[in-house]
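Have a look at the structure below before the remarks.
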Amino acid sequence: MTVGSNSDIAAVSAVSDVSGEKKPWNSNEMMTIAASRTLKDGAICFVGIGIPSTAAILAKSSHAPNLFLIYESGTVNTDPKRLPLSIGDGELANEALSVVGMPEIFNYWLQPGHIDVGFLGAAQIDRFGNINTTFIGNSYDDPKVRLPGAGGATEIAGACKEVIIIIKQSKRTFVEKIDFITSFGFGDGPGSREKHGLIGNGPKYVITDQGILEPDPVTKELVLVSLHPGVSVESAIENTGWDLKVAENILTTDEPKDFELKKVRELVATSSKKSE
Amino acid sequence: MTVGSNSDIAAVSAVSDVSGEKKPWNSNEMMTIAASRTLKDGAICFVGIGIPSTAAILAKSSHAPNLFLIYESGTVNTDPKRLPLSIGDGELANEALSVVGMPEIFNYWLQPGHIDVGFLGAAQIDRFGNINTTFIGNSYDDPKVRLPGAGGATEIAGACKEVIIIIKQSKRTFVEKIDFITSFGFGDGPGSREKHGLIGNGPKYVITDQGILEPDPVTKELVLVSLHPGVSVESAIENTGWDLKVAENILTTDEPKDFELKKVRELVATSSKKSE
Amino acid sequence: MSKFLSLSEAISRYVHDGDTVALEGFTHLIPFAAGHEIIRQRRKNLTAVRLTPDLIYDQLIGAGCVKKLVFSWGGNPGVGSLHRFRDAYQSGWPVKISIEEHTHAGLTNRYVAGASGMPFAVLRGYFGSDLFEQTSNVSTIQSPFTDEKFLAVAAINPDVAIIHAQQADKNGNVMMWGITGSSKEAVFASKATIVTVEEIVDTFQPKFNSIIIPNVLIDAIAHVPRGAWPSYASGYYERDNDAYIAWDAVSKDRESFEKWLADEIYGESGAKP
Amino acid sequence: MSKFLSLSEAISRYVHDGDTVALEGFTHLIPFAAGHEIIRQRRKNLTAVRLTPDLIYDQLIGAGCVKKLVFSWGGNPGVGSLHRFRDAYQSGWPVKISIEEHTHAGLTNRYVAGASGMPFAVLRGYFGSDLFEQTSNVSTIQSPFTDEKFLAVAAINPDVAIIHAQQADKNGNVMMWGITGSSKEAVFASKATIVTVEEIVDTFQPKFNSIIIPNVLIDAIAHVPRGAWPSYASGYYERDNDAYIAWDAVSKDRESFEKWLADEIYGESGAKP
């Protein structure tokens, strides 16, 4: 699923702090803000509902006013003033430069590699950034939990120049082996994407409630490169189902700035109010 | 070429009478009117410039007000009030229900078989209704006369439920073997269309200045079924480069009615005036 | 050629037990009223195709109309799961359904192939995903010009496509604007088409991002104001998000769902807001 | 990302000797002014792609800019032959050109494949036609689902697409309406895009049958009123049919064509009406 294509909006207001420490922001806010900062002005960005939309709107309101947002529903270069409730929210169409059919979105925009950045969420991720949004369990035909499925994710993962994955980190989500590869990251390491003919470069960042991971340029395994303020390396390791690699010079993510928090809260508040 | 995609407009006013006899109409007018009469109300018709447009506008103004005209330029259900000068004349767009891109015309309208009737013209035709609009001569690479080429014709010939071919009859145009098959009729007889996977039924009428030919239901060879008023069987045979089959009960085409001639002349006159 | 019919007559004529149906509309212009009428007419054994089987297909599945679901993203957008879908798929209530699952790109291109009169379409997709192994109607195809393999998806040609649009004119042409998803392709691909519309107008006025569906592609038009509720119709009404949220509770257990069916669909009140 | 440039600067930057260029526009919005600027800048060895190489390519070919023509219908619509094309193809004046010939459906789908980032597209076409044997970049392909063969056409990805449109906004987005032919696909398929426009506006107003090309797909926009003359620009001016008819005489022999080149293109007067 594109992040939040299911219930991330609800999650935004419900989440509690992972570290237990009192902080003037919650982890969803931190994830949103960290994601927002990765977006370069002028980039063409394939956005989903929830955190990606919040991050994109925040980026457009601050350092990246020319961010070019495309949603799979067909809205091209849209500039939503409030958080969209669904991937095809009227706000996205009303504020778009144009709205086109889905064949044009997938065949003309996504497939040939026009998209710089695509956002994905997941229920499970492995050390090579492969993700699962299809089911939890041992059998496709008899799943323990059935998830929404691929939506746009499989081809977003394949064709965007960069992919940013947003996911909360835990032993349930960061697993040694995911139950189903819905969308391909780096497969089982270097050369896997090429073997499958995928034109995009794969995951660039995995942004979690613990910190930020990037693939090692050689091995393609995810490495923890930054910790959010107040999170320890031990916590990140503890919440990972594999032997997590940690960068030698690990950074600390900059704390949320006031304007970032203000904008994110304003967006989320308006969205919740809308649904009351 | 779709009929008249090149110089048929000019030809309409220049043509002289084939029979030498004095008649109150010329052969282009007769061809236009005969073509017009074949069009059933409500049919979806793929039209070209020149005689097909004149015939279609005449039909819409008389017995077939709901004729649904599509031009390859993308105009859908258009209702031109004057003769279009080109396949993409502004008049066609202005009077259309909608205008779409050419991929939609060829892939969604023509290819799946939505078109009931397609008009084609040709420089050469053979006894099985195969036509040539590519070149005259012995060699594709070194032609005696280079013609415009296929345009929409090849797939019109393949996919329309019926094809109507409009062509002046002579030993130069009705030939034993055409120099190049641009658009397929019945190949070398029964079963040929099926072999090539063509979904349309092939030529239904060939309308000439001599009369009207139809394919024999069994052999698929063109048979002269109607002579225009004042034309003799001998003239039709004389103007055919193969041993022309003639129907046992050959008909005489109804003379042009006054309203038909009036409308055709009005359309052609306006068109000529436009180009003066 | 389109005829103006009542919704009941349109469904009765063009939707049959065992048909493959596609109720399209991506978030916007979802033909809820038509879906409810299908339930009301107690159609069975439908193969139900839709990119996003959200509430509307949860309702059809819960009511027992569906035997197979063809889809690419199944959820209640912004809310959570489709409980009736899960209950039918995982527990067989009220009937066991099978699924055929795609990606949006894949299912969209199944419609494109169907619209194009081709048995297949080609794309870059699925490779690397386990979905490729699980899903029928996909295959690989070799490029005749390069040394690469691509995905081929089989055409889908539903027996009937059902969409909701803003306007019809008196000649039975239909105009829609805003997000149209894969509706155009679904219409071209289908053997019959039913359109429910908000309004019947004398002539269309230009709108940004509008598409027009000519009457020759349509079989029945039913005038059903608010026929997309609780989704939205740009220019007419907004999405009723509360109804999406409320659906979660309604659909969570069989009893509350059956009460909803009785009250809102089979009962006197219909399913109007 | 689109920049507003003079036409001369746009051609100078984005059209190079040896490039594959596609000047699109089907009867409507033909980028004549841009074509004339290419002649003026004396580009050579172009592979010139266009469904209908009418006057504009006759002029480029006569001026010696073209080494290969990729097309699907070559003629002066409503008038007759392209004399400069025939002279170059059949007699090698001023330079010998080669041709690659398609049908409209085939060449349109070459653009579609290019726009889709695929090396090929598939269609029902060419079969039974001798064209199949004469033309490169076509092949057959087997359906993976049925026992049928289809035509595959190779993608075309021009170095530069050049189109004429009615309007650009100040952000460098472009809006066109009326007949747009295969222009959208040509733009998506090309590595660079130049657009000449009639007018620069603050904001677009809704029009029937309009398409918008976002600035990220465009490299250069040149404000060239009447840049499609003698073709037409819906909402701005009509086709100058006399110019099409007059071209027949101008192009019929080399001398009158060279005089036209000197007077209208290389001379002071340009090629304005």
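Reminder, nothing fancy here: chain letters follow the sequence lines and each chain counts from 1.
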**Q.** Region of B:F68 that comes under 4.5 Å of a non-hydrogen atom in chain C
**A.**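 Only the side chain of B:F68 comes within 4.5 Å of chain C.
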
Take atom [atom1] of [X] as the centre, draw a 6.0 Å sphere, and report whether it contains more than 12 heavy atoms from other residues, nucleotides or ligands.
{"X": "C:K149", "atom1": "NZ", "value": "no"}
{"X": "B:K40", "atom1": "NZ", "value": "no"}
{"X": "B:K257", "atom1": "NZ", "value": "yes"}

Q) Closest heavy-atom contact between B:P112 and C:A115? A)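 Closest approach of B:P112 to C:A115, heavy atoms only: CG-O, 3.1 Å.
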
Q: Write down the atom of C:I212, the atom of B:L97, and the distance for their closest heavy-atom approach.
A: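 Where C:I212 meets B:L97 most closely, the heavy atoms are CD1-O, 3.5 Å.
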
Quick check for you: to the nearest 0.5 Å, what is the distance between [X] atom [atom1] and [Y] atom [atom2]?
{"X": "B:E104", "Y": "C:F188", "atom1": "CD", "atom2": "CZ", "result": "5.0 Å"}
{"X": "B:N66", "Y": "C:M1", "atom1": "CG", "atom2": "CE", "result": "6.0 Å"}
{"X": "B:Y108", "Y": "C:K184", "atom1": "OH", "atom2": "NZ", "result": "6.5 Å"}

Q. Heavy-atom distance under 4.5 Å between the side chains of C:L217 and B:W109, does that happen here?
A.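 Heavy-atom side-chain distance check passes, below 4.5 Å.
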
Q.
Whether the side chain of B:Q111 engages the backbone of C:G117 through a donor-acceptor N/O pair (distance < 3.5 Å, no angle test) should be reported.
A.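 Flag not set: sc B:Q111 to bb C:G117 has no pair under 3.5 Å.
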
